Amino acid sequence: MVTTGSGIPEVADATPVKTKKLKRGGIVTIATVLGLVAAMGLTVLGLGAADHAVASYDASSWLWSSLRSEMARVNGVTGRVDTRLQIPRGQGHRMQVSQTDRFLILRDLNTGQVSSLDLATLQVTATTKTVAGVGVSVALQDDKAFVVDAVQGIVRQLDPRSLQPIGEAVHYPPGITGGAFDGGGSLWVAVPSEGTVSAVTAAPLPDAPAASGGAGGSGQSPAIVRTVDVADPSHDLTISTLDEGVAVLNRTTKTLTTVKGEDKQATPLTMDGLGSLPPRTNGPRVPVTVPDARHVWVVGPDKVQDFQVPGEGAKLEPAVAWAGRFYAADASTGTVYVFDENGQLVNKIEVKDANGPLELEVRENYLFINAPNSQNATVVDDKHEVHTVDKYANDVLGGDPPPPPPPPPVKKDPPVGKPGAPRDVIATGGNTEVTVGWRSANPNGADITKYVVEGDGKTIEVGASQRSVRITGLVNGQEYRFTVRAVNAKGAGPEKESNPVVPTSEVPDPPDSVTAEAKPDGTVVVKWPAANGQGLAIRKYTVTAVAAGAAAPAGESTSTELVVPAGELEYGNQYAFQVVSVNERGGASKESPVSNSVVPFTVPDRPPALDVTTVQGKAGTLNAVWSAPAENGRTITKYIVEAGGNRTEVTGTSTEIGGLGEGANVTVKVRAVNEAGEGPEATATGRTVDKPSVTVTGSSATVTSVTVNFTINDGGGNATCSLDVGGKVQGGGCDAITVGGLTPGTAYNFTVTVTNAAGSTTATGNRATPAVFGTSVCVNNTASSDQGQHVWCNNPDNAMGVFNGTNMGSGQVGRGTNGGQIEAVCHTTGEGINDYVYNPGKMGTSPNDRTNVWIRIKWGGGEKYMSFAWFNVDGVDRNTTGPLPAC
């Protein structure tokens, strides 16, 4: 398949594929799929007709799994997979997915292959080739498809059914960016070299797909319908298409410009760093993400807001707007942080085992969050309910067959029970109110679902993460007691009673301000100025930690500082703090203003699953592999690896360690490092390759070969073995090797050599090949049926000639005695023997057959020749060369 230099396929490039069908591991073929429609399509998939069994209807999206090389169709309503399709040769690849209700177009970034699938039949209808890697993209909306070569500046419309070009391509200066549809069906690109954005509309789709090699459409071509100046030439631009029009971020001047119809509005931003945009923005507010600063700016029609994203590192995906909230995905942790319209963190969505990038796309009134390197995905509806998706679900069309049933489980009592009592239930009195706070109860194996607070005839239920509650409408001067109990799936645990508390109007002021600082040892230091006691002494301060949707006591202090111990707060989570002053009479103030937000952190955990193995192909080398440990609030920047007295730094989770000597047992230590320092070490031991050894266990020989049997110790390396017999060398397996092409009746010395990365070792021996003897035979002027073969001899003494060479003209040097034993070496061919013939039958019954075969024999201390017709090898039929090799 040929492509143009731009990577855009020519007319002849698109290849319709009428019979190629996708399947999942050979378990469910497309024939099976269509056959199952009648039986299960209406009930399992909720489909209306068999011929649309697998069409992608509203609320569904196809998500890529690179580990399995398959697509999974996820139903947004149920949050479940209903169909799985295997994609050939895509395992581990990055895949760009463009989809509508009828078509699914895949572009494999690793290979550049583009495939179009008809979702009504699950067939690949066409494929074409583009340049691999980033720079070419595919855009699809309804029946309009474009392939955009940003490097070359070429935008070409394709028929999604056949991937054939429609009309002429649109050409821009090289180095464009973008290439996505807005809500009105226009494809937008930015042209940084000109400082413009441009909208392209598609030509009509022909009634039938164009044939391979022919242009599609009715002679029309896609056209540029609008070009808008948005920046000075050569500024850095990135775009996000809108429900109408486009948003353009000028990263040079830090200005966001929206183009909607004839309205163009520019908004300067004060962001620190390079911003990024999602390819598509839903709604009127455009999020601009600064990954390095972990900051998001939101530009709306009437105001600009900004908020900080928790965590560390620059692996933030561009934040996505959805249903009044903003979703910022952190690829390093598999976490999606959810902010409300005021920039407050309201949720964290954890995509389990994401192991790489997170892809966020709003489709069919749902937000789909896909982890291509994981079996997990997430669906969020417009009411912000979250569903976790197992992309490898097997109870669906195309699923894996069920595994064999496990053995019956051993029944045992579940290790769960009702929760324990809350700890440290403390009540403080304010003006006609009391605040009750407590530390968490032991869940006893089942998550705590809520806490129940009772007192003064009131019962208040609070969430499991809300371990502080204010009770109002009380009477000053009256003593109150409150109880708190925890509830889990097993029921309510025991109550814990608070201290007696008396509300009072004599309350101090709260501190004017609060600051918080996360320390590398995992502690958080909270500080505040002394509060005004309004004439009474301040006895203590109580501090509350506030997280997303949660509040809990952090501790008490008699000074103006509290050190929250390491581990009390979740590493990597965002916290702010409020402080309440308590005077000598137990009167408590209102809460202070909230502090700055901090993220507690400490050194990383010990790297798990450290495995040290021998590098078999390298001397003195080990390979260490480990899993990334918990980062504990800050991104791991490197790993320290120690082995053999050397210390190295690596950024990945594996490394080769060399220079360790031969056959050495080496302990390897690995520690993760983040902003807080080096974490605890993981240790494992490995052994480097040692020199091999070899022992000969026996040998054997044929007339032309020697076989040596031996055993080896490969020293832990990839050993190779060879056998040298008399200068002839043959490689082979490391248990027995045969060297052929030898001479019969010859004594040979042999050497076995075993080699690995650490060196070579040899073992020697000797073996002789057996000699081959034959009988010289001549029957003169006779024919005897019992002999079966006959040689006509004219010699009066029935003796055979012995010659220097393979013809009678080479000079006779002797005569072989009829019936004598002669040692033979080999056989060869020479000139025809004119005077001597052999006849397989009786004399005169068939034509005489001449021979040009000669036998090389040992004669008179040398090697001479005699006619094959005069020689029979012992132990075999006459007139054959038997085991004699060719000379």
Side-chain angles (χ1 to χ4, degrees), residues 67 91-92 355 605-629 636 638-673 678-700 706-725 728-739 749-767:
L67 296 179
Q91 188 169 13
N355 299 319
D605 285 355
R606 177 180 289 104
L610 174 60
D611 185 32
V612 178
T613 56
T614 304
V615 179
Q616 296 181 334
K618 295 182 180 180
T621 305
L622 296 174
N623 187 63
V625 179
W626 59 91
S627 299
I636 293 172
K638 61 185 176 182
Y639 294 91
I640 304 297
V641 181
E642 291 184 87
N646 296 322
R647 176 184 170 103
T648 59
E649 297 181 358
V650 298
T651 56
T653 56
S654 65
T655 187
E656 278 194 0
I657 310 162
L660 300 177
E662 298 172 359
N665 290 314
V666 180
T667 297
V668 178
K669 303 176 182 180
V670 179
R671 294 187 294 276
V673 181
E678 297 181 10
E681 67 185 27
T683 62
T685 300
R687 183 176 175 83
T688 61
V689 174
D690 201 357
K691 280 189 176 180
S693 61
V694 57
T695 302
V696 175
T697 59
S699 63
S700 60
V706 168
T707 298
V708 178
N709 302 91
F710 53 94
T711 60
I712 72 163
N713 181 335
D714 64 6
N718 291 324
T720 59
C721 300
S722 64
L723 174 63
D724 182 332
V725 180
K728 292 188 176 182
V729 181
Q730 177 67 48
C734 287
D735 53 359
I737 299 177
T738 298
V739 173
N749 293 323
F750 62 77
T751 301
V752 179
T753 302
V754 183
T755 303
N756 67 12
S760 298
T761 303
T762 62
T764 60
N766 55 77
R767 188 77 189 192

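Counting begins at 1 with the first residue of the sequence. The model shown is predicted, which means the values in this text are computed figures rather than measured ones.
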Working to the nearest 0.5 Å, report the span between [atom1] of [X] and [atom2] of [Y].
X      : Y      : atom1 : atom2 : answer
Thr655 : Asn623 : OG1   : CG    : 7.5 Å
Ser627 : Asp605 : OG    : CG    : 12.5 Å
Asp724 : Gln730 : CG    : CD    : 11.0 Å
Thr653 : Leu610 : OG1   : CG    : 11.0 Å
Phe750 : Asn766 : CZ    : CG    : 6.5 Å
Ile640 : Glu649 : CD1   : CD    : 4.0 Å

Looking only at atom types and distance, does a side-chain atom of [X] sit under 3.5 Å from a main-chain N or O of [Y], one as donor and one as acceptor?
X      : Y      : result
Arg647 : Glu642 : no
Asn756 : Gly716 : no
Thr688 : Gly663 : yes
Thr753 : Ser722 : no
Thr755 : Thr720 : no
Thr695 : Thr711 : no
Thr697 : Asn709 : yes
Arg671 : Glu678 : no
Thr707 : Ser700 : no

Determine the minimum heavy-atom distance between [X] and [Y], stating which atoms define it.
X      : Y      : value
Ala672 : Pro629 : CB-CG, 3.9 Å
Ala757 : Gln616 : CB-O, 3.8 Å
Ile737 : Gly732 : CD1-N, 3.7 Å
Pro680 : Pro607 : O-CD, 3.6 Å
Cys721 : Gly733 : CB-O, 4.1 Å
Leu660 : Gly644 : CD2-CA, 4.0 Å

In a check of side chain to side chain contact (heavy atoms under 4.5 Å, CB included) between Thr751 and each of Val708, Leu723, Thr762, which one passes?
-> Thr762
Kindly indicate whether the side chain of Val739, heavy atoms from C-beta on, has any atom under 4.5 Å from the side chain of Val706.
-> no
Check: Ile657 and Thr648 side chains under 4.5 Å, non-hydrogen atoms = no
